[in-house]
Amino acid sequence: AIQAYANQTAIAIRNSRLMGLLTESESQYRAIFEAARDGLILADAEGHVTAASRTTCRLFDMELYDMLGSSIESLFTVSLESVALCSAGESADESSTLSTQAVASGGRTFPVELRGSCVQFDGQPHMMLLITDISERIRAQEALVQAERMSALGQIAGGIAHDFNNILVSILGYTQMAIDDLARNATDAMGDYLAQ
């Protein structure tokens with residue numbers, strides 16, 4: 001009886017340690033999930049959100065309880081099949097990255113890149129999506145294109161001004177020569193007039 005009691009106690013101690021390790025592992029997972037700078041969503045095979053990070057909730061201007069249960073198709077302007085292919089690494093490009101628009105609360109849209117992977121969560125296959133807001137990158141690219149356009153316009157305007165300046169120099173030169181000729185002719189004519 002003592003041996004059986006000792007065995008049961010050892011099993012209980014071992015289970016207690018395993019529960020402690022499991023709780024610690026869950027806390028570490030949650031801390032990593034919440035600390036991510038990009039948004040993270042976990043969605044089931046039907047495309048319903050089962051977990052979302054605080055960053056995701058901020059991106060979409062939603063509370064966690066509103067986010068949970070939402071469909072992927074209501075959060076992004078892309079089909080569930082495309083997201084599933086991205087998660088499976090079967091997208092058209094091999095990087096498993098999908099560019100789309102995200103739809104925040106109130107209908108506001110913003111550009112994002114989705115990177116997906118398939119994971120097991122609660123014993124079921126899930127899609128884990130990393131959501132990167134690329135609004136700033138797009139604005140920077142547009143500003144760069146605008147700066148290049150302005151630079152090209154400046155070069156064209158500089159070239160036109162240079163050509164126009166060359167034409168004006170010729171006009172001014174010929175005008176000065178005409179004035180000098182006119183003054184000489186006027187002096188000669190005045191001299192002739194006075195001589196008579």
Side-chain angles (χ1 to χ4, degrees), residues 32 34-41 52-63 67 70-117 127-196:
I32 291 169
E34 293 299 338
R37 293 177 57 157
D38 291 331
L40 281 169
I41 285 181
S53 66
R54 281 189 287 254
T55 304
T56 304
C57 293
R58 277 194 301 272
L59 282 173
F60 286 86
D61 297 326
M62 295 174 78
E63 296 294 329
M67 178 77 63
S70 298
S71 73
I72 292 295
E73 291 177 328
S74 70
L75 297 175
F76 304 101
T77 58
V78 68
S79 69
L80 177 60
E81 291 78 22
S82 298
V83 174
L85 289 175
C86 174
S87 296
E90 299 171 12
S91 58
D93 61 347
E94 294 301 317
S95 65
S96 296
T97 300
L98 182 65
S99 293
T100 186
Q101 294 284 320
V103 182
S105 68
R108 176 181 65 88
T109 61
F110 56 98
V112 295
E113 279 183 353
L114 299 179
R115 286 181 188 81
S117 60
M127 295 177 285
M128 185 162 72
L129 299 175
L130 178 69
I131 306 158
T132 305
D133 182 354
I134 57 172
S135 302
E136 287 299 319
R137 184 189 319 163
I138 288 176
R139 276 193 285 275
Q141 288 171 343
E142 288 171 353
L144 180 62
V145 167
Q146 183 66 19
E148 288 174 351
R149 283 184 187 152
M150 294 305 288
S151 175
L153 185 61
Q155 288 175 352
I156 290 169
I160 290 171
H162 179 73
D163 292 345
F164 190 65
N165 193 30
N166 288 342
I167 293 170
L168 283 179
V169 166
S170 298
I171 292 171
L172 287 173
Y174 284 120
T175 303
Q176 189 61 46
M177 286 172 40
I179 290 172
D180 290 346
D181 267 354
L182 186 62
R184 237 186 340 260
N185 289 342
T187 304
D188 290 344
M190 186 63 105
D192 289 343
Y193 177 73
L194 290 176
Q196 290 176 357

Considering all heavy atoms, the nearest [X]-[Y] contact:
X	Y	result
M67	C57	CE-CA, 4.2 Å
L114	I131	CD2-CG1, 3.7 Å
V78	E73	O-CG, 3.8 Å
R108	L59	NH2-O, 3.1 Å
S74	V103	O-CB, 3.9 Å
V112	A102	CG1-CB, 3.8 Å

SB check E142 R139 (cutoff 4.0 Å)
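So E142 does not pair with R139 through a salt bridge.
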Are E63 and R58 close enough for a salt bridge, meaning some N to O gap below 4.0 Å?
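Looking at R58 together with E63, the answer is no, because their closest N to O distance does not fall below 4.0 Å.
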State, with a plain yes or no, whether a side-chain heavy atom of [X] is found less than 4.5 Å away from one of [Y].
X	Y	answer
E148	M150	no
R137	E113	yes
L40	L130	yes
T56	L129	no
Q176	D181	no
M62	S70	yes

Between D38 and T132, does any side-chain donor sit less than 3.5 Å from a side-chain acceptor?
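Yes, side-chain donor-acceptor contact under 3.5 Å.
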Measure from the side-chain N and O atoms of [X] to the backbone N and O of [Y], and report whether any donor-acceptor pair falls under 3.5 Å.
X	Y	value
S135	F110	no
T175	I171	yes
S53	G39	no
T100	F76	no

Starting at [atom1] of [X], measure out to [atom2] of [Y] and round the result to the nearest 0.5 Å.
X	Y	atom1	atom2	answer
I156	S151	CD1	OG	10.0 Å
L172	I179	CG	CD1	9.5 Å
I41	M127	CD1	CE	10.0 Å

